[in-house]
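Along the sequence shown, residues carry numbers from 1.
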Amino acid sequence: MSAPLHTVYEQLAAFENYPRFMTGVRQVTTVGSDQTHWIMDVDGKRREFDAQIIERSPDERVSWSTMEGPLLAETITLRPMGETKTQVVAQLEADTAFLMPSDRHGQESLSRRLRDDLTTFKGLVESGVLGGRPIPPSGAGSKRTATHSHTLLPGVAADPASPASVAARIRNRNEAAKAALAEATTAGAENSGGVAGSARMGGRTGQSDMWGTGMINEEERG
């Protein structure tokens, strides 16, 4: 990519930019210092999920993963190729049944989509359409899960910090938090002599997450 390393990093670390080049993404909103809320268009249906920002290492790497439900995780690694060129290596792992439910060739389509998204991003940065925006503060199935890696320069292997490892870290963290919450809730019930229960904000209980009945279907990223 014909752009300085720091310029490229700034645009990738600003998740609000993703709807401008990532297929199907309608909106990404930063929530706090290390979480984002995504709104996507999947086969004409509105889908929403929360993602955790795992890493934003300045001028080096951006990594994020969904917090619950179907897996969607990405690791983008940057390498300087001189003062005015940057190599971008992107690894995307996704549940193709969620992301492309009606596509018979989900894995090939996912690979093609990632390549096209990177090409779009390259064009936006090199043309100056993306640039100069402040970045947010640093701290985001039934078919086979597909993993794909693409680079804007050939001949370089994928970075070892894969989306699979990112997703495993976030899920382990969530499981630990749930266990701590369950222990605290049980202790509270014993102290009060009542029956303990918990529900998430918005009325959803701990028995199923937002994907438990298939996916959110509010009829209404690109």
How far does [atom1] of [X] sit from [atom2] of [Y], to the nearest 0.5 angstrom?
{"X": "Phe21", "Y": "Leu118", "atom1": "CZ", "atom2": "CG", "answer": "8.0 Å"}
{"X": "Leu110", "Y": "Glu93", "atom1": "CG", "atom2": "CD", "answer": "10.0 Å"}
{"X": "Met100", "Y": "Arg113", "atom1": "CE", "atom2": "CZ", "answer": "5.0 Å"}
{"X": "Tyr9", "Y": "Leu78", "atom1": "OH", "atom2": "CG", "answer": "8.5 Å"}
{"X": "Asp95", "Y": "Leu72", "atom1": "CG", "atom2": "CG", "answer": "9.0 Å"}

Kindly indicate whether the side chain of [X], heavy atoms from C-beta on, has any atom under 4.5 Å from the side chain of [Y].
{"X": "Asn17", "Y": "Phe121", "value": "no"}
{"X": "Asp50", "Y": "Glu68", "value": "no"}
{"X": "Ile76", "Y": "Val88", "value": "yes"}
{"X": "Phe15", "Y": "Met22", "value": "no"}
{"X": "Leu99", "Y": "Met40", "value": "yes"}
{"X": "Thr29", "Y": "Trp38", "value": "no"}

State, to 0.1 Å, how close [X] and [Y] come at their nearest heavy-atom pair, and which atoms those are.
{"X": "Pro70", "Y": "Phe98", "result": "CB-CB, 3.7 Å"}
{"X": "Thr120", "Y": "Arg20", "result": "CG2-O, 4.0 Å"}
{"X": "Ser65", "Y": "Ile54", "result": "N-CG1, 4.4 Å"}
{"X": "His37", "Y": "Glu48", "result": "NE2-OE1, 2.6 Å"}
{"X": "Asp59", "Y": "Leu5", "result": "O-CD2, 3.4 Å"}
{"X": "Ala90", "Y": "Leu114", "result": "O-CD2, 3.8 Å"}

Item to complete: Scan side-chain atoms only and decide if Thr30 and Glu16 contain a donor-acceptor pair under the 3.5 Å cut-off.
Response: yes

For [Y], does its backbone N or O pair with a side-chain atom of [X] as donor and acceptor, under 3.5 Å?
{"X": "Thr75", "Y": "Gln91", "answer": "no"}
{"X": "Tyr18", "Y": "Leu12", "answer": "yes"}
{"X": "Thr86", "Y": "Ala3", "answer": "yes"}
{"X": "Arg79", "Y": "Gln87", "answer": "no"}
{"X": "Glu126", "Y": "Ser2", "answer": "yes"}

Practice prompt. Give me the one residue out of Glu60, Arg61, Glu55 that meets side chain to side chain donor-acceptor pair (under 3.5 Å) with Ser57.
Written response: Glu55

Worksheet item: side chain to side chain donor-acceptor pair (under 3.5 Å) with Thr23: which of Asp116, Asp117, Asp41?
Response: Asp117

Worksheet item: Is there a path of hydrophobic side-chain contacts, each under 4.5 Å between heavy atoms of I, L, V, M, F, W or Y residues, that connects Val31 with Val62?
Response: no

Worksheet item: How would you list, by chain and number, every residue that makes a side chain to side chain contact (heavy atoms under 4.5 Å, CB included) with Thr84, sequence neighbours excluded?
Response: none

